[in-house]
Amino acid sequence: MQLVLIVVGVLLALVLGWMAYCFVKLGFPERLGLLFGGLASIDKIVDQSAARYGDTTLIELETPLKWKVPAGKVRAAQEQEWSAVRVQQTVALIAGALKKFAKPQMGDRVIIYKENAFDLFLFASATIRIGGIATPVNGKLASESFGQYVTYLGAKVIITDLATLGRLVKDGVKLQGVEFVIVSDAGTDGQDGIPTELAQLPAGPRVLSLQWMLAQPVEPAQAVERGLDDPLYIVHTSGTTGFPKGVILLARGLTQSLKATLMFNLVGRKDLAYFCVPFNHQVTNLYIFTTLALGTRVIMSSEFKAERVLETLSRRRASIYFGFPITYAQLVVEDLTKYDLNAMRIWGTTADASHEVHQRPLIQKGSFCSNWASRCRAPCSWTGWARARWASPRCCASPGRGRSSSGGAWVVRSPSSGPRSGWWTRTGSRCRMASRGASPSRGLACSAVTGMPTTSCCPPLRTAGGSPGTSSSASPMESSSIWTARWMSSATSRGSATPS
């Protein structure tokens, strides 16, 4: 009897020890401590993070920013490493410069329209700090559409870069109602802060160099009090259903989204994450705030290159990857056997579930708790509630009940337009595609890519014998183009395939 009790005690101790290990490994102590220990509202996270983590590096940039804060004004050890204090001091200094020169009033919209980079987050946070409404815009939005969006918002201040401003001037865009245009990467040599790099500047607003502004005597701005019902952001829709529309995000909803992200994302301070994302997107901003709140170290990339991503994940032993669906479509066609991804715990993405087929080969890389890999999807609605799903490499359900799904790479060679390539996903009978160079946050109907009708341009599925089958309908481009693609295996869920 005594022996039985000893065996039971040992087994119970092992089980409890394993549960405690998992509890710590999944970051519950840190996350629960934040949730029940006075997490600040989202507009104060930058200050709270600096007080908690000090000079600890939280963010690494693969590519340095194209502008610099004058030496001695912020604490910075390495150009591409950002500590919590450096983020806070930079945001406060930019906010002070905006307050001194552009003088935005409480509730004024400040548009941030530039190339994809981490500084979109810095500019947005600086705007919120002095009472403005941060309005990040995808830098790939067409000039004409941007001009309409400026009028639609009634913005008085625009933060941009030389390349983007030069394009706006070249395209003759009128910035109606705008009083200040601040150029992030312009030099400091121009008289009264006027950039000298461009031959022509937009008529109307005063154009200033940000680096010149920061070089002047500027006091770092203290954060103004923001109510829970105050608007902090205006983000825009993708534009797939018409002209992009502004969406107002209040402090209350954003703070709740932050709490939900901390609650449901199984991440701890010992994880190393890799983000490859559009920095104007609200999901990206939410996860940067999560990084600052939790103190997790993150590598951030502003330009996606599949080989570089996989090489970095392998070399740095990263445990988390977060990227938009189109990045998975590109990662999956690489030779994954070349990379050591055993440290991976979470493959994260956002948006629709039809891209699950592209995640499956990656989910088999990495493990947690006896070769169980974790796949989590980030929020796909403005509420920001995260949805996590544990999956074994042996049991991955396909997206959509009763539908088949497949995906792969495509290349179209046409005498008239030359070669084009990209990545595709088929769910049921619907085919969606994206071409190389397309915005990471937007997929394209295949008719928009190839000129072929949606019903006839999907590449054929792999047959049981392992070779691509023949298309069920003739393509109008069949005589002038050839499909050549690296195919992924088709995955079929329970039930019959149903047209979308």
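One is the number of the first residue; the rest follow in order along the sequence.
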Item to check | Test log, rule ring-ring contact (aromatic ring centres under 6.0 Å, His included), inputs W67 and F118 | outcome: CA-CA 12 Å; W67 56 273; F118 171 65; 9.6 Å; no
Next on the checklist: If you apply the rule side-chain contact (heavy atoms from CB on, under 4.5 Å), what do you find for I158 with I182, and how did you get there?
Outcome noted: CA-CA 6 Å; I158 295 175; I182 298 170; over 6 Å; no
Checklist entry - Please walk me through it: do Y328 and R360 pass side chain to side chain donor-acceptor pair (under 3.5 Å)? => result CA-CA 10 Å; Y328 279 91; R360 290 179 203 163; over 6 Å; no
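A heavy-atom distance below 4.5 Å is not found between the side chains of V247 and H236. Counting heavy atoms from C-beta on, the side chains of E79 and L61 never come closer than 4.5 Å. V150 is not listed as a side-chain neighbour of Q176, based on a closest heavy-atom distance of 4.5 Å or more. Residues L65 and W82 form a side-chain contact, since some pair of their non-hydrogen atoms from C-beta on lies under 4.5 Å apart.
For T312, the side chain to side chain contact (heavy atoms under 4.5 Å, CB included) test picks out E62, Y274, I299, R308, R315, R316, with sequence neighbours left out. Taking R206 as the reference, nothing meets the salt bridge (charged side-chain N to carboxylate O under 4.0 Å, His left out) condition, with sequence neighbours excluded.
A donor-acceptor distance shorter than 3.5 angstrom exists from the side chain of Q89 to the backbone of R75, with no hydrogens or angles considered. Judged purely by atom type and a 3.5 angstrom limit, Q216 uses its side chain to pair as donor or acceptor with the backbone of W212. No side-chain donor-acceptor contact under 3.5 Å links E179 to the backbone of A102. Without hydrogens or angle criteria, S257 side chain to G253 main chain gives a donor-acceptor distance under 3.5 Å. Within the 3.5 Å criterion, the main-chain N or O of F304 finds no donor-acceptor partner in the side chain of S301. The backbone N or O of L39 lies less than 3.5 Å from no partner atom in the side chain of Q48, so there is not a single donor-acceptor pair. One N or O on the side chain of T349 and one on the backbone of G323 form a donor-acceptor pair closer than 3.5 Å.
Residue pairs satisfying the salt bridge (charged side-chain N to carboxylate O under 4.0 Å, His left out) criterion with at least one member in residues 102-116, sequence neighbours excluded, are listed as follows: K66-E115, K114-D119. Pairs engaging residues 270-282 under the salt bridge (charged side-chain N to carboxylate O under 4.0 Å, His left out) rule: D271-R345 [sequence neighbours left out]. Sorted by first and then second residue, the salt bridge (charged side-chain N to carboxylate O under 4.0 Å, His left out) pairs with a member in residues 223-232 read K44-E225, R226-D230, D229-R252; sequence neighbours excluded. Pairs engaging residues 123-133 under the side chain to side chain donor-acceptor pair (under 3.5 Å) rule: D47-R129 [sequence neighbours left out].
Counted by atom type alone, T135 and Y113 present zero donor-acceptor pairs between their side chains at under 3.5 Å. Side chains of S143 and R167: a donor on one and an acceptor on the other come within 3.5 Å.
Partner of E60 under the side-chain hydrogen bond (donor to acceptor under 3.5 Å, both in side chains) criterion, chosen from Q80, R297, Q78: R297.
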